[in-house]
> 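If you scroll down you'll find the structure; I have some questions about it.
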Amino acid sequence: MKNSVRIMALALLMSVVCWFAIGLVDADTQINIVNQCSQTISACQTDQSGQITSYALGSGANQLIDVGTSWPGGLIWGYPGGSADPTDCNTAKPQADLAEFTIGANNKDSYDLSNVNAYNLPLQIAPTSPVTSSGTTCGSPSCTINNVNSFCQSPNTLTGAPGDGCYNVDGPPSTSPTNGTEQFDNACPEAISYSTDTTGKVYGCQTGTNYEVVFCPSS
């Protein structure tokens, strides 16, 4: 009788352990979008579906998003002002630096900062609960350019509203650095500055890690 009770108790314990392990593997990824800028911004997100969600974030505000266990082609970007209009988000996207994510590919996450199209707001990605690294370590890439108007020199050009950034004119088509892309690389060496500029700039964590995307991280 005692042996039967012990076997049942052991089986119950193993079931609890298995369910706990499954919960760890299948835990949703949460990304906390934080505005540390002195001004209100609109934060935008999309993925491979193309659907855009936007949030007006006052200075010091944040928005927690749950992207599940799989988020391919995830993008977060922002622009000045609180319109939080998906149409403005779409217009600002090629005028902005991007936080790029692929969540849950073979139980791994990858992420990077991209200035390939443009730069407009200081940005950082930081893992807040790293489990284990995959490939390049769970790093916290950051990019801050304090004065976009003075930074943006030929061949690069200012974007105008709503992004109010600087176009990286050579970034999208280039497979090697140019004078234009080097302006971005020198200012932000942790961010991708042209289409194949990925060596050491794509970071990885095990799926189940949570992240912060911080606008104006040095503020």
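Numbers here are sequence positions counted from 1.
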> Sub-3.5 Å donor-acceptor pair from the side chain of N90 to the main-chain atoms of P86, do we have one?
no
> With distance as the sole test, does S42 use its side chain to make a donor-acceptor pair with the main-chain N or O of A84 at under 3.5 Å?
yes
> Which atom names give the shortest non-hydrogen contact between P189 and K201, and what distance separates them?
O-CE, 3.0 Å
> Please tell me whether L123 and V214 are part of a single hydrophobic cluster in this structure, the criterion being side-chain heavy atoms less than 4.5 Å apart.
no
> Can you measure from SG (C143) to CD (E190) and round to the nearest 0.5 angstrom?
9.0 Å
> Is there a side-chain contact between Q45 and Y55 (heavy atoms, below 4.5 Å)?
yes
> Between D97 (side chain only) and A118 (backbone N and O only), is there a donor and an acceptor less than 3.5 Å apart?
no
> Any idea which heavy atoms bring C37 and S59 closest together, and the distance?
O-OG, 2.6 Å
> In this structure, would I76 and I103 fall into the same cluster of hydrophobic residues linked by side-chain contacts under 4.5 Å?
yes
> Is there a chain of hydrophobic side chains (I, L, V, M, F, W, Y, each step under 4.5 Å between heavy atoms) that links I33 to F101?
yes
> Is there a side-chain contact between Y167 and Q95, using heavy atoms and a 4.5 Å cut-off?
yes
> Within the 4.5 Å heavy-atom criterion, are P122 and P217 side-chain neighbours or not?
yes
> My understanding is that only residues two or more places apart in sequence, or in another chain, count here; which of them pass salt bridge (Lys or Arg N to Asp or Glu O under 4.0 Å) with D88?
none
> To the closest 0.5 Å, what do you measure between OG1 (T181) and CD1 (I192)?
12.5 Å
> Is it the case that the side chains of Q183 and N156 hold a donor-acceptor pair, with the cut-off being a distance below 3.5 Å and no angle test?
yes
> Between D164 and P80, what is the shortest heavy-atom contact and its length?
OD2-CG, 4.0 Å
> If hydrophobic clusters are built from ILVMFWY residues whose side chains come within less than 4.5 Å, do I125 and V34 share one?
no
> Among side-chain atoms of S174 and D170, is any donor-acceptor pair under 3.5 angstrom?
no
> Over all heavy atoms of both residues, which pair between L75 and E100 is shortest? Give the atoms and the distance, please.
CD2-CG, 3.5 Å
> If you apply the rule side chain to side chain contact (heavy atoms under 4.5 Å, CB included), what do you find for L113 with L98, and how did you get there?
CA-CA 6 Å; L113 293 181; L98 306 174; over 6 Å; no
> Taking side-chain contact (heavy atoms from CB on, under 4.5 Å) as the test, write out the residues that go with Q30, two or more places apart.
L64, D66, N210
> Is it true that the side chains of Y203 and D109 contain a donor and an acceptor less than 3.5 Å apart?
no
> State the SG-CH2 distance between C44 and W77, to the nearest 0.5 angstrom.
5.0 Å
> Has T159 got a side-chain atom pairing as donor or acceptor with C166's backbone, closer than 3.5 angstrom?
no
> Between V202 and Y111, is the side chain to side chain contact (heavy atoms under 4.5 Å, CB included) condition met? List the steps.
CA-CA 6 Å; V202 178; Y111 57 95; over 6 Å; no
> Check for a donor-acceptor pair, side chain of D85 on one end and backbone N or O of T87 on the other, with a separation under 3.5 Å.
yes
> Following the transitive rule for hydrophobic clusters with a side-chain heavy-atom cut-off under 4.5 Å over Ile, Leu, Val, Met, Phe, Trp and Tyr, establish whether I52 and I65 coincide in one cluster.
no
> State, without any angle test, whether N62 and N32 hold a side-chain donor-acceptor pair at a distance under 3.5 Å.
yes
> Taking all non-hydrogen atoms of both residues, which atom of Y79 and which atom of G163 are closest, and how far apart?
CB-CA, 4.1 Å
> Please report the interatomic distance CZ(F151) to SG(C188), rounded to the nearest 0.5 Å.
7.0 Å
> Hey, is the main chain of N115 close enough, under 3.5 Å, to the side chain of N168 for a donor-acceptor pair?
yes
> How about S140 and Q124: do any of their side-chain heavy atoms sit closer than 4.5 Å?
yes
> Once you round to the nearest 0.5 Å, how far does OG of S193 lie from CG of N186?
9.0 Å
> Using side chain to side chain contact (heavy atoms under 4.5 Å, CB included), reason through D197 and S195 one step at a time and then give a plain yes or no.
CA-CA 6 Å; D197 179 32; S195 59; over 6 Å; no
> Would you give the length of the straight line joining atom CG of L57 to atom CD of Q36, rounded to the nearest 0.5 angstrom?
12.0 Å
> Compute the ring centroids of F184 and Y194, then answer whether they are less than 6.0 Å apart.
no
> Nearest heavy-atom pair of S129 and G208: which atoms, and what distance?
OG-O, 4.4 Å
> For a 4.5 angstrom cut-off between non-hydrogen side-chain atoms, does T29 reach T209?
no
> Run the numbers on I31 and E212 for side chain to side chain contact (heavy atoms under 4.5 Å, CB included), then give the verdict.
CA-CA 5 Å; I31 300 176; E212 277 189 341; over 6 Å; no
